[in-house]
Amino acid sequence: MYGFFISALIVPPLTILVPLYKMVVDLGAMNSYYGIVLLHVTFQPPITIFLFTGFIGTIPRELDEAAMIDGSSRFGLFIRIILPILKPVTATVIILTGVAVWNDYQFSVFFLQRPSARTFTVALSSFFGQYNNNIGWVAAGSLMAASPVTLVYLFLQRYFIQGMASGAIKG
């Protein structure tokens, strides 16, 4: 299963755009947010599985054994021991996935064609045209578009740094 999910990382989503487009049309999900959410939910798990699997592999088995000897159930072991250890990788996944979804242009431009359904990135591209370029509006819109992702990063920064650094240390 792990190999199957990781192999999905090497398939760029745009290479399967035609069947994806047909599937979204058949589902009646064109110009709807549930269609684009479904696509993102489909294409984000491989990187999430890769990061979580790599991080969980660094957790010593002795922690599990010690908790079980102390009388903890498997659920208690997960809630009290493993889940707090997973904070750095969870923050890393939230930030990387959030940035990828927030900055998505390729799916949004194809599957959200109605002007009222456009995302921020597609709406910003509409300020550029053949005869005019409204650079001031694009700069202001880019600043507005970057604000939510920046706030999430600032909130999760310490966990993100821990998660990125923990993979560099062999212990």
Side-chain angles (χ1 to χ4, degrees), residues 1-59 83 86-130 133-135 137-168:
M1 287 298 289
Y2 178 74
F4 173 74
F5 279 106
I6 297 307
S7 65
L9 285 172
I10 62 172
V11 178
L14 286 181
T15 59
I16 57 173
L17 184 64
V18 173
L20 273 177
Y21 190 85
K22 182 172 178 357
M23 183 184 72
V24 169
V25 168
D26 290 345
L27 289 173
M30 281 298 287
N31 294 316
S32 67
Y33 293 121
Y34 76 87
I36 201 82
V37 167
L38 181 66
L39 288 171
H40 284 297
V41 167
T42 303
F43 284 101
Q44 291 303 319
I47 190 70
T48 303
I49 290 169
F50 177 71
L51 289 172
F52 270 106
T53 305
F55 193 84
I56 289 173
T58 64
I59 299 173
L83 201 56
L86 293 178
K87 281 182 187 176
V89 73
T90 304
T92 303
V93 166
I94 289 170
I95 290 171
L96 292 177
T97 302
V99 168
V101 169
W102 185 258
N103 290 335
D104 174 55
Y105 183 79
Q106 60 190 10
F107 285 152
S108 299
V109 80
F110 289 112
F111 299 113
L112 299 176
Q113 297 172 354
R114 197 178 50 206
S116 63
R118 290 188 298 192
T119 60
F120 225 125
T121 52
V122 177
L124 282 176
S125 70
S126 69
F127 290 126
F128 293 107
Q130 183 176 357
N133 293 326
N134 211 337
I135 300 296
W137 286 47
V138 172
S142 296
L143 184 64
M144 287 173 49
S147 300
V149 177
T150 304
L151 289 174
V152 169
Y153 175 75
L154 290 174
F155 179 70
L156 297 173
Q157 176 183 9
R158 63 183 165 150
Y159 299 115
F160 181 69
I161 305 270
Q162 280 178 344
M164 296 303 277
S166 67

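Just so it is clear, the model here is predicted, and its values are computed rather than measured.
In this structure, the separation between CD1 on I56 and CD1 on I49 is 11.0 Å, given to the nearest 0.5 Å. Rounding to the nearest 0.5 angstrom, the gap separating the NE2 atom in H40 from the CH2 atom in W102 is 11.5 Å. Here the CH2-OG distance, from W137 to S142, works out to 13.5 Å after rounding to the nearest 0.5 Å. One finds the CD atom of Q44 at 11.0 Å from the CG atom of L39 (value rounded to the nearest 0.5 Å). For the atom pair OH of Y21 and CD1 of I16, the computed distance is 16.0 Å after rounding to the nearest 0.5 Å.
Considering all non-hydrogen atoms of both residues, M144 and P148 come closest at O-CD, 3.3 Å. In terms of heavy atoms, G35 sits closest to A29 at CA-CB, 3.6 Å. In terms of heavy-atom proximity, S125 sits nearest to Y105 at OG-OH, 3.6 Å. Residues R114 and N31 come closest through the heavy atom pair N-OD1, 2.8 Å. Closest of all the heavy-atom pairs between L124 and A145 is CD1-CB, 4.4 Å.
For the side chain to side chain contact (heavy atoms under 4.5 Å, CB included) criterion with F55, the lone passing option out of T90, V89, T92 is V89. No option in I36, T121, T119 other than I36 meets the side chain to side chain contact (heavy atoms under 4.5 Å, CB included) test with D104.
Residues L14 and F110 have side chains in contact (heavy-atom distance under 4.5 Å, counting atoms from C-beta outward). Residues I6 and T53 fail the side-chain proximity criterion, which asks for heavy atoms closer than 4.5 Å. A heavy-atom distance below 4.5 Å is not found between the side chains of V122 and L112. Proximity of L151 to F155: side-chain heavy atoms (C-beta onward) are nowhere separated by under 4.5 Å.
Around the CE atom of M23, the shell of radius 6.0 Å holds more than 12 heavy atoms that belong to other residues, nucleotides or ligands. A 6.0 Å sphere centred on CZ of F50 holds no more than 12 heavy atoms belonging to other residues, nucleotides or ligands. Annotation for Y2: atom OH counts as buried by contact number, over 12 foreign heavy atoms lying within 6.0 Å.
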Output, in order, the C-alpha distance, side-chain angles, deciding distance and verdict of side chain to side chain contact (heavy atoms under 4.5 Å, CB included) for L38 and V24. CA-CA 9 Å; L38 181 66; V24 169; over 6 Å; no
Verdict with supporting geometry, L51 and L96, side chain to side chain contact (heavy atoms under 4.5 Å, CB included): CA-CA 11 Å; L51 289 172; L96 292 177; 3.9 Å; yes
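T15 places no side-chain N or O within 3.5 Å of a backbone atom of V11 that could act as its donor or acceptor partner.
Using cut-offs of 30° and 60° for the angle between ring planes, the F43 and F107 rings count as tilted.
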